Amino acid sequence: MLTIKKASEKVEIPASTIRYYDNEGLLPFIKRNVNGYRMFKEEDLFWLELIGCMRATGMPIETLRRVAQLHMKGDSTLGERTRIFRDHQKKLQKQKQEIDVALEKLTKKMKILDKEGAAEKNPSEPGF
């Protein structure tokens, strides 16, 4: 079992953020010791990392809370949990495609600007 400090160090998420996740109902499975301190199992760390990734990619706290609640209800909720993550995955794949297109356009623009900058340094060459 890991203290919040050790869990925080392992997953590189501030302890204050982990407390926030717990207070928001995202960690209903976390046990507490006799003194009331949160105690984490190694397998809990993946969920902490997943929460961080999902939050960074725009998944709302409410959705993550729903997933945590469904998880606590057991295997009968597997289909709904899978659907939630699959929907988010599709959303991220679409965003990635949009970002890839934008990066391609930006790279082309940067090449044009680099050429214009070179032309300004050497005015004998025409800049386009």
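Every value quoted in this text rests on a predicted model; they were computed, and no experiment measured them.
Side-chain heavy-atom separations under 4.5 angstrom define the hydrophobic clusters, and the remaining members of the one that includes Leu113 are Leu106, Met110. Grouped by direct or indirect side-chain proximity (heavy atoms under 4.5 Å, Ile/Leu/Val/Met/Phe/Trp/Tyr only), Val101 sits alone.
Heavy atoms of other residues, nucleotides or ligands lying less than 6.0 angstrom from CG of Asp100 number more than 12. Within 6.0 Å of the CD atom in Glu104, the count of heavy atoms belonging to other residues, nucleotides or ligands does not exceed 12.
There is no path of hydrophobic side-chain contacts, each under 4.5 Å, that joins Phe46 to Met1. In the hydrophobic cluster analysis, where Ile, Leu, Val, Met, Phe, Trp and Tyr join through side-chain heavy atoms closer than 4.5 angstrom, Leu50 is grouped together with Met72. Leu2 and Ile4 end up in the same hydrophobic cluster when Ile, Leu, Val, Met, Phe, Trp and Tyr side chains are linked at under 4.5 Å. Under the 4.5 Å side-chain heavy-atom criterion for ILVMFWY residues, no single connected hydrophobic cluster contains both Leu45 and Met39. A continuous path of Ile, Leu, Val, Met, Phe, Trp and Tyr side chains, each step under 4.5 Å between heavy atoms, connects Phe29 with Val67, placing both in one hydrophobic cluster.
Between Asp87 and Lys91, none of the side-chain N atoms (NZ, or NE/NH1/NH2) sits under 4.0 Å from a carboxylate O, so this pair counts as no salt bridge. Remark: Glu62 does not engage Arg66 in a salt bridge, criterion side-chain N to carboxylate O under 4.0 Å.
Using a distance-only test at 3.5 Å, with no hydrogens or angles considered, no donor-acceptor pair links the side chain of Thr77 to the main chain of Lys73. For Asn33 (side chain) and Asn35 (main-chain N/O), a donor-acceptor pair under 3.5 Å exists by modelled atom type.
By the salt bridge (charged side-chain N to carboxylate O under 4.0 Å, His left out) test, Asp22 is found to be paired with Arg32, Arg38, residues two or more places apart in sequence or in another chain being considered. For Glu24, the side chain to side chain contact (heavy atoms under 4.5 Å, CB included) partners two or more places apart in sequence, or in a different chain, are Tyr20, Leu26, Ile61, Arg65.
Looking at heavy atoms from C-beta onward, Ile84 lies in side-chain contact with Met59 at the 4.5 angstrom threshold. Within the 4.5 Å cutoff, no side-chain heavy atoms of Trp47 are placed close to those of Ile30.
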Atom pairs and distances, side-chain donor-acceptor, residues 11-19, under 3.5 Å, sequence neighbours left out:
none

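Listed by first then second residue, pairs satisfying salt bridge (charged side-chain N to carboxylate O under 4.0 Å, His left out) with a partner in residues 47-56 number zero, not counting sequence neighbours.
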Check your understanding: Is there a side-chain contact (heavy atoms from CB on, under 4.5 Å) between Gln93 and Gln89 once you walk through the steps?
Key -> CA-CA 6 Å; Gln93 288 169 338; Gln89 183 181 40; 3.9 Å; yes
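The distance from atom OG1 of Thr63 to atom CZ of Phe85, rounded to the nearest 0.5 Å, is 9.5 Å. Rounding to the nearest 0.5 Å places CD of Glu9 at 5.0 Å from NZ of Lys6. The line from CG of Leu27 to OH of Tyr21 is 9.0 Å long, rounded to the nearest 0.5 Å. In this structure, CG in Leu48 is found 11.0 Å from SG in Cys53, a value given to the nearest 0.5 Å.
Side chains of Thr57 and His88: a donor on one and an acceptor on the other come within 3.5 Å. Between Thr82 and Arg86, the side chains place no donor N or O within less than 3.5 Å of an acceptor N or O (distance only, hydrogens not considered).
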